[in-house]
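Naming convention: chains lettered A, B, ... in sequence-line order (proteins, then strands); numbering from 1 in each chain. Since the structure is predicted, the reported quantities are computational estimates derived from the model, not experimental observations.
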Number of protein chains: 2
Amino acid sequence: MPRIVEVREGVLKKNDQLARDLRARFDRLGVFVISLVSSPGAGKTALLQRTLKELKASRRLAALVGDLATDNDARRLAEAGVPVRQITTGTVCHLDAEMTERALAGWNLESLDLLFIENVGNLVCPSSYDLGEHLRIVLLSVTEGEDKPLKYPTIFNTADLAVITKIDLAEAVGFDRDEAYRNVRSVRPGLEVLEVSARTGLGMDHWFARLGELSARRGSAVRTG
Amino acid sequence: MPRIVEVREGVLKKNDQLARDLRARFDRLGVFVISLVSSPGAGKTALLQRTLKELKASRRLAALVGDLATDNDARRLAEAGVPVRQITTGTVCHLDAEMTERALAGWNLESLDLLFIENVGNLVCPSSYDLGEHLRIVLLSVTEGEDKPLKYPTIFNTADLAVITKIDLAEAVGFDRDEAYRNVRSVRPGLEVLEVSARTGLGMDHWFARLGELSARRGSAVRTG
């Protein structure tokens with residue numbers, strides 16, 4: 001179906017251009033943008049909830065969250081007391097740069113340090129769409145099985161950091177940590193992997209620390225660049 | 001983007017026609033076809049593994065399984081000692097009728113009673129593509145959260161049966177059964193819901209029995225119709 005491919009490439013090209021413009025704008029205004037991708041139910045919102053609550057004392061935060069339907073996640077995240085906006089995509093299985101830009105309208109971006117974007121729960125579609133983010137984090141929950149990086153290689157390939165979630169359930173589900181790491185790195189050699197449980201707090205301090213380092217490092221590179 | 005919509009509608013129309021032809025062929029040859037859809041890691045393959053092992057004594061079975069990459073699932077399913085074929089979709093987030101038809105080439109369908117099709121792990125894309133199946137089953141694991149029907153309504157709307165998987169983990173993850181049922185039925189009133197654990201065997205006898213009833217009832221309606 002060459003016609004589809006052609007149209008699709010046009011869409012992606014346009015998205016990439018818009019994403020580059022967005023990133024330049026984020027850089028200019030000094031806001032560091034982090035996106036989260038994963039399967040449905042891997043725990044993006046739970047991780048973000050705790051992260052917003054923890055970091056809001058020291059950083060100025062906001063979040064965008066994408067779903068096909070409902071504003072459940074926006075309401076959950078707003079409990080942290082930071083600005084949150086929901087993007088509902090209808091039947092579309094991912095966010096894109098245009099939706100992101102539209103959702104930011106009227107927000108005072110220069111008053112932010114960190115903007116989180118929680119993508120639609122999907123291990124396929126979001127991988128092709130740059131949102132202008134500086135850091136893309138892929139979540140993999142222990143309940144999904146160790147083989148997901150092999151079966152959804154592109155999303156792991158386009159990520160800058162992998163976070164294994166629900167690590168408190170590792171034993172209950174017979175999670176094989178060595179195999180999971182092997183699979184992540186066979187798809188993306190050298191990718192940093194963290195382990196957390198947003199429910200019990202396990203690994204969360206290390207997660208907060210790395211988030212601070214990664215955003216500071218990139219932020220300063222951007223500012224001096 | 002009207003051009004995309006137009007092309008997409010053409011693709012779906014073509015898929016629907018091909019799916020109807022496939023279903024007519026399945027009916028003629030007396031094979032009942034069941035597809036499984038879910039998030040990545042909800043347990044489609046684990047459920048099918050046990051199901052193939054259990055039913056192969058009394059029914060003639062085969063399975064098709066879709067993934068972007070790897071033939072892991074086909075190898076897992078083939079351990080049951082029934083014919084299995086893997087469809088690798090590359091970057092495509094769902095199976096379609098054409099892939100299904102191609103994968104069946106050379107198989108003697110009239111020698112089968114039941115054909116299972118395990119779709120790519122995705123709660124969005126597969127909902128638009130009829131594969132010619134008689135029964136579409138959506139899986140929801142307790143670890144994903146009770147809100148998934150609200151967030152991915154179309155896939156629940158196009159399903160004939162919902163199966164809540166990993167029910168042995170319900171307590172460990174604080175699964176709220178009432179809320180899950182309420183959410184399923186607010187999207188699809190009256191949808192039958194089963195609960196299983198392929199790991200512990202909980203609910204599996206009821207699942208096997210319902211599968212037998214559903215395939216027999218539809219099969220005989222088809223034969224007399």
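Your options are A:L123, A:D67, A:V120, and the one with the most heavy-atom pairs under 4.5 Å with chain B is A:D67. The candidate with the highest count of non-hydrogen atom pairs below 4.5 Å against chain A, out of B:G174, B:S128, B:G121, B:P153, is B:G121. Counting heavy-atom pairs closer than 4.5 Å to chain A, the top-ranked of the candidates B:G41, B:G145, B:P40 is B:P40.
To the nearest 0.5 Å, atom NZ of residue A:K151 and atom OG1 of residue B:T70 are 5.5 Å apart. With values rounded to the nearest 0.5 angstrom, B:L68 atom CG is found 6.5 Å from A:T154 atom OG1. Rounded to the nearest 0.5 Å, atoms CG (B:N122) and OG (A:S39) are 9.0 Å apart.
Between B:T91 and A:V124, the shortest heavy-atom distance links the atoms O-CG1, 3.7 Å. Among all heavy-atom pairs drawn from B:A69 and A:L150, the shortest one is CB-O, 3.6 Å.
Looking at A:C93, both its backbone and its side chain come within 4.5 Å of chain B, counting heavy atoms on both sides.
Using a 4.5 Å heavy-atom cut-off against chain A, the contacting residues of residues 192-200 of chain B are B:R199.
Taking the side chain as every heavy atom from C-beta outward, A:D147 and B:D73 approach each other to under 4.5 Å.
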